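Worksheet for the structure shown next.
Letters go in sequence order (proteins before strands), and every chain restarts at 1. Nothing here was measured: the structure is a model prediction, and the numbers come from that model.
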Amino acid sequence: MLHYAQEQLQGDYYTRAFQAGAQEDTLILNMGPQHPSTHGVLRIILELHGEYILRAEPVLGYVHRMQEKMGEVKTYPQYLPNMGRVDYLHALAWNWAYVLAVEELLQLEVPERAEYIRVITCELNRITSHLLWWGAYLLDLGAFTPIMYGFADRERAMDLLQIITGSRLTYCYYSFGGVTADLTPQFIDGTKEFCKYLRTRLPMYKDLVTDNMILRHRVDDIGIIPVDMARRYGVTGPNLRGSGVEHDLRRNTPYSIYDRFDFEIPAYEECDALARYLVRMDEMEESLSIIEQAIDSLPEGPVTPPKMPKVIKPPKGEAYGAVEGARGVIGIHVISDGTATPYRIKLRSPSFSNLSLFAEVSEGILLADAVSILGSLDLVIPEIDR
Amino acid sequence: MNIAPELIHIAVALAAIAAFIGLNGLVLVWLERKVAGHIQRRPGPYEVGPWGLLQPVADAVKLVGKQLVRPKVADPWLYWSAPLLSFTPVFLLFLTIPFGPRLIGMEFNLGLLLILAFSGLNVLALCLAGWSSANKYSLLGAARAVAQSIAYEIPLLLAVLAIAFQFGTLNLSTIVHHQGPMPWQWNVMTQPLAFIIYFICAVAETNRAPFDLPEAESELTAGFHTEYSGMAFGLFFLAEYAYIIVISCVATVLFLGGWHGPGAPGFWWFLLKVYALIMVIIWLRWTYPRVRFDQLLNINWKWLLPLALVNLLLTLIFVKM
Amino acid sequence: MEYLAYVAFGIYVLIILTGGLMAVLCRSMVRALVGLILTLFGVAGCYLLMAAPFIALMQILIYVGAVSILILFAIMLTRAPAGAEEAPYIFPWRSIAALAVAFLPLAVIGGMIRSGQVTPLVPPTEVPLAELGQTLIEPYLLAFELISVILTVAMAGAVILGFERRIGK
Amino acid sequence: MAQEDIDLIQAINTQDPPVVKVELVNTIFDICRSMSLWPMTFGLACCAIEMMAVGMARFDIARFGAEVFRPSPRQCDLMIVAGTVSRKMAPCVVQLYEQMPAPRYVMALGNCAISGGPFYFEGQYGIVEGVDKMVPVDVYVPGCPPRPEGLLEGLFKIQEKMTGRRWWPMPKQGEAV
Amino acid sequence: MNGITHLEMYQFVALLLLGLGLFGLVRRRSLVGMLISVELMLNGAGLSIVASGQLTAASGAMAQLATLFVMGLAAAEVALILAIIIVVSRRFGHIESNNLRTLRG
Amino acid sequence: MIKKTPKQSTLQGIKSLFVGLRVTGHNFVMPQITTHYPRQEVDNLVTYRGHIELVPKEDDPMTSKCILCGQCAKACPSNCIELVIRKEEVEPPPAAEAQPDADKEEAPPKPAPKKKVKRILEAFILDYNLCSLCGQCVQTCPVDSLEFSTNSYLAGFTREEFVFELLERMRKKYKASSSG
Amino acid sequence: MVFSWFHLALILFLVAGFLFAAGPLIASLLFAPKAKGGALDIPYECGMPPHGMSWVRFGINYYFYALIFLAFEVDILYLFPIAVFYPESMGWMPLIKLLIFLFVLAVSLVYFWRKGVFTWPKRIST
Ligand code: SF4
Ligand code: SF4
Ligand code: SF4
């Protein structure tokens with residue numbers, strides 16, 4: 001019985017490679033690719049000593065979808081739908097980054113109204129993303145109810161987005177120089193109402209979860225990412241702000257019209273999971289206030305540029321579009337060789353950098369903490385694997 | 001031959017208790033999902049049978065119709081004995097519980113001890129299950145289960161002991177008789193601390209959220225029963241529910257006046273209290289996040305155990321006064 | 001009833017025998033432990049037959065609920081690379097020696113029991129629990145206090161021996 | 001990528017019939033099975049979010065007894081392949097399928113799982129063009145992502161496949177199509 | 001069952017346990033196995049004591065409590081021995097007494 | 001704005017546990033938000049963009065507006081549109097009543113192309129299995145011949161079920177609506 | 001040999017429990033179809049082939065909880081017979097005796113606490 005076991009259970013290539021660096025007689029455990037708390041198909045190989053993790057190594061590529069390669073075979077507009085699938089939780093931010101880059105290549109002016117629409121929808125999308133993260137994180141921590149509440153609210157926001165984009169998740173809404181559809185009154189009223197509604201829900205979240213003693217003890221003081229470590233790994237987004245750095249592209253290099261709005265960049269100095277949690281909770285409120293401001297000052301006008309080239313063939317050159325996504329800085333570098341297909345597209349996905357520090361953070365911590373840290377980083381796996 | 005009446009008594013008790021557990025198990029599964037649904041503002045099981053009442057039946061039948069799997073590396077004997085061992089003592093636990101003034105399986109002077117002794121077997125079953133599955137998650141889950149169950153057993157014993165010291169008996173019926181029909185005559189009034197300790201420990205002993213670490217989904221996939229399929233898994237599940245009923249029954253007997261109640265005493269009061277407790281347990285589960293393993297142990301060793309000792313001390317002094 | 005008692009006794013002895021054999025013969029330590037647990041149950045049954053239910057329950061509580069879990073845990077934790085199984089015997093020298101060793105006292109004491117002159121008391125009576133408590137706290141007071149000290153000291157010793165203090169960062 | 005990740009393996013799907021085969025008993029079992037299909041938490045990509053949405057309050061798959069998302073394949077009846085199956089992931093999918101005890105069912109949710117969907121192009125190297133190349137699929141639910149209603153409809157289809165009848169009324173719009 | 005009293009029956013069972021324990025103690029090579037054998041013997045002792053107390057004129061309470069103490073001591077002993085075993089196994093990586101003695105393998 | 005995370009005392013913490021119970025308890029008695037799907041439908045399905053459908057001509061519901069330009073097929077990122085076109089030599093005038101004027105104007109100068117090649121849409125095949133619901137086809141269509149359906153109830157036993165022949169679907173739909 | 005009704009009930013209940021548990025398992029053997037082959041009998045590890053047995057040594061410190069549990073439990077169990085006797089006992093002597101006993105318990109708790117058995121650092125050095 002035992003001999004069978006020893007011969008059969010050799011693991012795969014990655015575990016064997018991992019084993020080489022392991023101490024004698026420790027437990028080598030695969031967490032993922034199919035594991036409830038890796039949110040998709042991230043795989044982490046752990047070296048365990050009892051409840052403690054001695055070493056962790058993420059293995060990537062289980063949803064590699066050739067996103068960058070596809071950029072080289074599809075035309076500029078044909079590549080648009082791909083963007084919604086890189087990070088399906090904040091699809092519009094990726095849309096935006098891509099159209100930003102291509103607009104720069106094409107030297108396109110975006111009409112005023114389209115900019116406002118982009119801001120409104122993108123922030124709405126950010127809220128849905130954070131709500132989902134909130135629920136999923138609590139699920140990781142073992143609470144089953146919050147995700148239901150979070151999803152119920154998220155559904156409302158998704159219904160709103162569906163009014164204008166027609167889809168629920170993988171939007172393909174921004175087009176070069178504008179957006180594909182104008183806002184409808186239904187959307188505007190609905191959004192106003194949603195903002196009011198969510199403001200009544202957020203205190204409930206606070207009561208149910210944020211203030212909960214068990215949660216506090218679970219997330220307080222774990223997964224500390226000091227500023228220098230964050231910088232080293234190129235961490236961005238709420239994770240960076242949770243480390244006490246007020247960095248937000250919407251404020252630092254204001255793209256689009258973000259400089260017209262009055263909003264805060266929440267940041268907490270504790271660098272732990274709780275700080276990251278609170279950053280996101282605060283960010284939802286800030287997004288709400290941005291949406292409200294944008295809707296109040298929404299100008300009239302067209303949503304697509306007056307004259308659009310029939311075939312999009314940007315001149316030779318390269319451009320970089322960067323926006324602040326729900327997970328951090330989304331960057332798209334497009335190189336054009338003057339044809340209708342890009343020469344090369346490079347995606348800079350925030351989750352990738354955010355994950356990369358996991359190995360260092362998780363050394364010597366408890367298994368349960370690793371799960372909670374992983375959750376607090378808010379990873380979207382297809383964004384990592386691209 | 002006057003053997004017959006006693007034998008019939010036992011047989012009836014056995015049948016009644018089996019029915020009680022079977023029925024309550026099904027109802028509890030349904031209730032849990034229904035309550036969870038309502039807390040989350042959805043109906044829960046709804047379409048299968050009226051109000052989804054046939055849902056647990058469908059689940060049970062489905063589990064029976066599911067293949068039993070054993071990993072090749074697992075030790076067959078131990079692997080199959082674990083779910084059996086987990087469930088076997090369940091009936092016995094109900095033997096000495098007084099459900100009503102007359103409704104009791106059998107009077108036994110050491111009733112309390114009997115329940116404590118045989119409920120301890122569950123830990124062994126979990127440990128065997130985790131060890132014999134040859135699965136790393138199971139093993140971790142089993143280690144957690146044992147560390148947790150045994151840790152919480154101590155304050156639980158101490159809390160129960162306080163009641164024993166107060167009344168000088170381990171006979172459950174006697175303990176119920178010592179209490180009165182009105183809520184202020186219940187033990188929970190004289191021993192509130194013991195009740196709280198008992199309740200927390202009981203939740204932890206049954207591996208219920210927020211103490212459900214041995215089967216913590218987000219960490220250990222399914223914990224010690226990761227490898228068990230079909231009815232083997234179902235037995236663990238059923239045993240877990242049965243233990244929930246047992247601990248609620250014992251809590252009712254020890255602290256909540258058993259079948260006493262304002263107006264007519266009887267079985268219904270008992271059932272009402274038991275279900276009230278179960279509802280609280282379910283409510284807790286769907287409200288809180290899970291505690292971490294070290295916190296779990298620390299709550300026990302650093303809070304509950306000293307408190308239980310103090311409580312016992314106070315009881316000792318009060319009894320003498 | 002009397003017959004049933006004999007039947008029960010027979011079953012218990014059978015359980016003890018199987019369990020005991022499992023405990024000493026099984027290669028897998030966990031199976032041996034399961035054998036031990038079986039024996040423990042059998043002995044508990046014997047206690048019950050002797051009208052000592054308290055001891056029977058204690059047997060289950062202490063032995064099954066605590067000691068055997070401890071042993072199981074130890075097996076789980078010390079599983080060396082070779083596994084919790086003993087290496088197979090190439091030639092049963094050891095078993096033969098063991099048989100010889102075991103048989104000697106068996107014969108001697110067996111003979112002694114047969115030649116014993118104690119008049120047995122039938123049937124046994126159940127000792128009320130309060131009396132047990134009284135005995136424990138009055139004549140056996142010293143032992144009672146000592147046992148807690150012994151246990152504490154034993155645990156302390158064990159902790160000193162093997163505890164790995166986790167070094168925080 | 002290691003070589004084993006690149007070869008597409010076919011899941012072994014041999015099955016012995018039950019020892020006792022009585023028509024009536026089988027029917028009862030099938031009905032009960034169809035009323036309690038426990039899915040596996042097996043999200044791969046975007047579609048997984050819609051799969052989660054089905055479990056949530058608005059659509060509530062619990063009404064049909066299928067909300068018990070079990071993480072371990074041993075306790076699941078239904079594998080919902082929700083998302084893109086990459087070649088690296090393929091052996092894992094196969095293994096999980098093989099580890100499910102019989103009877104087991106597979107739903108391919110979303111165009112990716114059906115055919116590679118948006119990621120299919122000439123000369124692609126990274127994805128599997130449909131899970132039905134590896135595991136036997138019972139029900140296909142197209143869309144990118146399919147709406148939660150689609151998933152529910154897929155569930156009904158599986159129930160229909162198991163018991164030979166549709167248990168729930170057709171939705172208003174569904175009839176028109 | 002003539003000729004053999006109840007007391008003797010129990011004593012024989014106890015003896016059986018003792019014999020099994022002894023047999024196992026010598027035969028077993030791993031420390032845990034030996035421990036299990038010792039437990040068997042202790043059980044035999046307990047059974048014997050209770051039988052003597054319950055089935056003779058001697059005080060039943062005394063005998064029962066004596067057995068209780070045996071159990072307590074057994075628990076203490078098990079704890080200590082297992083601690084030693086664990087230390088040993090950590091030190092040498094195995095728990096077989098043979099190899100322990102010679103330190104080979 | 002860099003903030004400090006608020007700390008919590010044990011007492012506050014214990015209170016928070018009860019507050020949490022209150023929240024869930026409150027939600028327990030609140031009305032449910034579930035749409036009982038096969039019996040009810042969500043209210044916003046009209047805005048959902050499912051797979052595409054052909055739009056019929058207003059005057060002739062049996063033919064589509066499509067002018068067979070092929071733009072949609074070209075724009076589609078997933079290549080899931082296929083136009084099956086039958087070329088037919090159409091005998092000019094007498095039979096043709098639809099555009100007599102146009103033909104007459106064209107006919108005199110050149111007698112040779114008397115036989116005009118007419119391209120007829122035989123089938124409009126959408127392989128929905130590949131579609132990414134991006135809407136590019138609808139956007140590019142010059143004559144708005146494509147629209148989104150709101151059908152979200154698709155599920156089937158084979159994947160061939162979702163290779164739609166849109167022309168036929170369009171006709172069937174018209175027939176169903178005219179008969180029903 | 002005393003065979004009480006209670007004894008009989010105990011045995012019957014245990015047997016009934018066993019049968020109640022074994023019944024469905026056997027039914028399952030009869031009525032369930034059986035898949036075979038492939039990875040069916042390989043332990044599940046998130047869809048990956050497991051590496052090595054699960055039975056390697058891990059975290060010795062779990063064991064010490066069991067150890068401490070043993071000490072406490074056995075100690076506490078000694079109190080049960082006394083609990084029955086205690087309310088009817090005379091004078092303050094039993095109280096004092098019990099106090100000594102509980103004091104030893106408390107001391108051992110404090111000892112283990114100080115020894116760091118209950119300490120779980122957030123992070124250990126590896
Ligand atoms: S079908 Fe569409 S939504 Fe689903 S996984 Fe594939 S790309 Fe994502
Ligand atoms: S929606 Fe997009 S993918 Fe689908 S057919 Fe139209 S262009 Fe092609
Ligand atoms: S773009 Fe419009 S008109 Fe042109 S082929 Fe497609 S559907 Fe027909």
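In summary, the side chains of A:Ser376 and A:Arg276 do present a donor paired with an acceptor at a separation below 3.5 Å, with no hydrogens or angles considered. Using a 3.5 Å distance cut-off with no hydrogens or angles, the side chains of A:Thr128 and A:Asn125 do pair a donor with an acceptor.
Considering only heavy-atom pairs separated by less than 4.5 Å from chain F, the leading option among A:Ile163, A:Leu278, A:Val279 is A:Ile163. For the options F:Thr24, F:Leu133, F:Asn27, heavy-atom pairs under 4.5 Å to chain A are most numerous at F:Asn27. Contact count against chain F (heavy-atom pairs under 4.5 Å) is highest for A:Thr180 among A:Thr145, A:Leu80, A:Thr180. Put simply, of F:Gly50, F:Gly20, F:Ser16, the one with the most heavy-atom pairs under 4.5 Å next to chain A is F:Ser16. Each of A:Thr165, A:Val209, A:Ile214, A:Val245 has some count of heavy-atom pairs under 4.5 Å with chain F, and the biggest count is that of A:Thr165. The most heavy-atom pairs under 4.5 Å with chain F, out of A:Ala275, A:Gly84, A:Ser167, A:Gly166, come from A:Gly166.
When heavy atoms are compared at a cutoff of 4.5 Å, F:Thr140 does not approach chain A at all. In this structure, the portion of A:Tyr149 lying under 4.5 Å from any heavy atom of chain F is its side chain and not its backbone. In this structure, the portion of A:Arg85 lying under 4.5 Å from any heavy atom of chain F is its side chain and not its backbone. Using a 4.5 Å cut-off between heavy atoms, F:Ile14 touches chain A through backbone and side chain atoms alike. Contacts of A:Ser175 with chain F are absent, with no heavy-atom separation under 4.5 Å from either backbone or side chain. Residue contact with chain F, scored on non-hydrogen atoms closer than 4.5 Å, is absent for A:Asn82.
With hydrogens and angles disregarded, a donor-acceptor distance shorter than 3.5 Å links the side chain of A:Gln78 to the backbone of F:Lys74.
More than 12 heavy atoms of other residues, nucleotides or ligands shown are found within 6.0 angstrom of NE2 on A:His247.
With respect to F:Arg171 and F:Glu168, no salt bridge is recorded, no charged nitrogen being found less than 4.0 Å from a carboxylate O.
Geometrically, A:Arg216 does not engage A:Tyr277 in a cation-pi contact defined by less than 6.0 Å to the ring centre and at most 45° from the axis.
Each of A:Glu286, A:Glu324, A:Glu270 was scored for a salt bridge (Lys or Arg N to Asp or Glu O under 4.0 Å) with A:Arg241, with one residue passing: A:Glu324. Partner A:Tyr98 forms a ring-ring contact (aromatic ring centres under 6.0 Å, His included) with one of A:Tyr79, A:Tyr76, A:Tyr174 and no other, that one being A:Tyr79.
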